[in-house]
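Written out below as structure tokens is the structure these notes cover.
Note that the structure is a prediction, hence the values are computed from the model and not measured. Quick note on labels: first sequence line is chain A, next is B, and so on, each numbered from 1.
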2 protein chains.
Amino acid sequence: MLKTDLDKTGRFSQSDFDRLTKYLVPRQLKKNEILLDQGQICRAVYFISSGSAYQFRYEDIEEKITDLHLPKEWCLNYSSFISQAASQNIIKANSETTALELSVTALHELIAQSPVFLQLGKILQGATTRTQYLDNSMSPSERYNDLIKNRPLILQMFPLKIIASYLNMTPETLSRVRSCF
Amino acid sequence: MLKTDLDKTGRFSQSDFDRLTKYLVPRQLKKNEILLDQGQICRAVYFISSGSAYQFRYEDIEEKITDLHLPKEWCLNYSSFISQAASQNIIKANSETTALELSVTALHELIAQSPVFLQLGKILQGATTRTQYLDNSMSPSERYNDLIKNRPLILQMFPLKIIASYLNMTPETLSRVRSCF
DNA sequence: GGAATTTCTTGATCTGCATCAAGCGGCATC
DNA sequence: GATGCCGCTTGATGCAGATCAAGAAATTCC
């Protein structure tokens, strides 16, 4: 559950944990429901209990995927969240999803109560500092292999079209990379 | 001079400035002289009074240029400097160069004397957070045009071979980009 | 359950940049 | 002044991945 997952990255006592859960609001999301729209400010972060979500921006009319959010991960637009400025990106549920919402004000209250919650800042930052496969130092097949090595669950949760965009290649190229294993 | 240049990025009083200059040690560098070698720790930063320097790492036997340092700029390997760990990169004078050396211990003493010198940390960070033209979101000619727009002096100070490497393209491609202006 | 839409695959072609190769001009050395 | 090296340019070729196109498989929708 949430506690065991939190403990992977930080050290929270049972009472810390109880205090945190009081602020968490469960939200049930339909497929394609939007958690954060372009131009909105990211005023909350979400712990994905089940389901998945992805983050993207429009390039012309195409969705350019910038992040994939798996179950048991925190999901937010970090740059909008820390600056409380308009988000460039859109976050959308990829399937029926249950998320626990923690608002920015709730986070501040928690930190005011105990500095132990400063750890959450680090955790949230870590949740968004993943490889983005934007440079050309890796070939398409290297990027794909790197992804399935580090986050194999992605293959089960997302359509290849979305994975291809995230890996910065066309669906055709991804298909060929996979067929040559 | 140094003071006017510093004032562009921070606010230093004349007495702050006098205090700073006491710690600066002028160094005269010959062309191709090495300021920081691979594996060394970056224990000082340099303000380039005149001349220029460049930073690179070896990929196989090729020099991959990662940063170009112009006159009136601070020159350092930021990641080695802040962590005081071995540098991956090499810094080399590109021509006869005069640099003002400020050691890490001197910087700490300055900061201990007055928090105004914390500004130097930001300035040094800014000196190394330039575009590195590593992603493929810009084409070779866009990268070149971006460079001459933002740092036109580079064209006068560095051979095209080095600029090509910095711009992440071959000398042949740079030559063709330039001929089609 | 059947039609329509979307996703995925496979083949053919195109294109931009790298690589390979050759030649030229400048500069240093003897 | 000849020789050799280096930086730069220019042309020919190669290649990886994008684009275009078509069909198969899966999913959505009425």
Side-chain angles (χ1 to χ4, degrees), chain A residues 29-33 51-54 56 58-65 68 92-97 132-148 152 154-181, chain B residues 30-33 52-54 56 58-65 68 92-96 132-148 152-181:
Chain A
L29 302 160
K30 294 200 188 69
K31 182 176 159 114
N32 292 330
E33 195 170 331
S52 58
Y54 61 97
F56 65 95
Y58 283 107
E59 295 197 340
D60 297 317
I61 54 156
E62 282 212 351
E63 297 187 354
K64 167 64 193 145
I65 313 293
L68 301 177
K92 200 189 251 192
N94 176 54
S95 57
E96 188 82 11
T97 293
Q132 288 219 10
Y133 304 108
L134 290 174
D135 63 15
N136 53 8
S137 65
M138 294 170 106
S139 70
S141 72
E142 286 172 328
R143 299 201 292 276
Y144 174 72
N145 287 319
D146 186 74
L147 182 69
I148 57 170
I154 281 177
L155 266 182
Q156 294 162 44
M157 306 280 297
F158 293 94
L160 294 172
K161 188 185 137 138
I162 286 192
I163 297 174
S165 173
Y166 178 61
L167 288 174
N168 218 22
M169 64 187 81
T170 61
E172 292 95 327
T173 296
L174 178 59
S175 175
R176 282 183 251 262
V177 160
R178 281 161 52 77
S179 71
C180 303
F181 42 93
Chain B
K30 293 199 189 68
K31 182 178 158 107
N32 291 330
E33 194 169 331
S52 57
Y54 61 97
F56 65 95
Y58 283 108
E59 294 198 341
D60 297 317
I61 55 155
E62 282 211 352
E63 296 187 354
K64 167 64 194 145
I65 314 293
L68 300 177
K92 201 189 250 190
N94 177 53
S95 57
E96 188 81 11
Q132 288 220 9
Y133 304 108
L134 290 175
D135 63 17
N136 52 9
S137 65
M138 295 171 106
S139 70
S141 72
E142 286 173 327
R143 299 202 291 276
Y144 174 72
N145 287 318
D146 187 74
L147 182 69
I148 57 171
L153 199 57
I154 282 178
L155 265 183
Q156 293 162 45
M157 306 280 297
F158 293 94
L160 294 172
K161 188 183 136 140
I162 286 191
I163 297 174
S165 173
Y166 178 60
L167 288 174
N168 218 21
M169 64 186 80
T170 60
E172 292 95 327
T173 296
L174 178 59
S175 175
R176 283 182 251 261
V177 160
R178 281 163 51 79
S179 70
C180 303
F181 43 94

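For Glu172(A), there are no salt bridge (Lys or Arg N to Asp or Glu O under 4.0 Å) partners two or more places apart in sequence or in a different chain. Taking the ring pair (Phe, Tyr, Trp, His ring centres under 6.0 Å) definition, one finds that Tyr133(A) meets it with Tyr166(A), sequence neighbours left out. Considering only residues two or more places apart in sequence or on other chains, Gln156(B) meets the side chain to side chain contact (heavy atoms under 4.5 Å, CB included) condition with Leu153(B). A search for side chain to side chain contact (heavy atoms under 4.5 Å, CB included) contacts involving Ser139(A) returns Ser141(A), Glu142(A), not counting sequence neighbours. Not a single side chain to side chain contact (heavy atoms under 4.5 Å, CB included) links Glu62(A) to another residue, sequence neighbours left out. Every residue two or more places apart in sequence or in another chain that forms a side chain to side chain contact (heavy atoms under 4.5 Å, CB included) with Leu160(A) is listed here: Leu155(A), Ile163(A), Leu174(A), Arg178(A). Residues passing the side chain to side chain donor-acceptor pair (under 3.5 Å) test with Ser137(A), sequence neighbours excluded: Asp135(A). Listed by chain and number, the residues in a salt bridge (Lys or Arg N to Asp or Glu O under 4.0 Å) with Lys92(B) are Glu63(B) (sequence neighbours excluded). Applying the side chain to side chain donor-acceptor pair (under 3.5 Å) rule to Ser165(A) yields no partners; only residues at least two apart in sequence or on another chain are considered.
The main-chain N or O of Met157(B) is found under 3.5 Å from a side-chain atom of Asn94(B) such that the two form a donor-acceptor pair.
The CG atom of Leu167(B) sits 14 Å away from the C1' atom of dC17(C) (whole-angstrom rounding). Taking atom CG of Leu174(B) as the reference point, atom C1' of dA18(C) lies 14 Å away to the nearest angstrom. For the pair Leu160(B) CG and dC6(D) P, the computed distance is 17 Å after rounding to whole Å. Atom pair Ile163(A):CD1 and dT7(C):P shows a separation of 13 Å (rounding to whole Å applied). The distance from atom CG of Asp60(B) to atom C1' of dA18(C) is 15 Å, rounded to the nearest whole Å. Atom-to-atom, NZ of Lys31(B) to P of dC27(C) comes out at 12 Å; the value is rounded to the nearest Å. With rounding to whole Å, Arg178(B) atom CZ is found 17 Å from dC17(C) atom P. Residue Phe158(A) contributes atom CZ, which lies 17 Å from atom P of dT27(D) at whole-angstrom precision.
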Could you list all N or O pairs between the protein and nucleotides 23-25 of chain C that sit under 3.5 Å apart?
none

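Between the CE atom in Met138(A) and the CG atom in Asn168(A) there is a gap of 12.5 Å [rounded to 0.5 Å].
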Would you give a per-nucleotide map of nucleotides 11-25 of chain D, 5' to 3', where B means the base has a protein non-hydrogen atom under 4.0 Å away, S means only the sugar-phosphate does, and - means neither?
-> BB----SSBBB----

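Over its full length, the helix from dG1(C)-dC30(D) to dC30(C)-dG1(D) turns its helical axis through 30°, comparing axes from the five pairs at each end and rounding to 10°.
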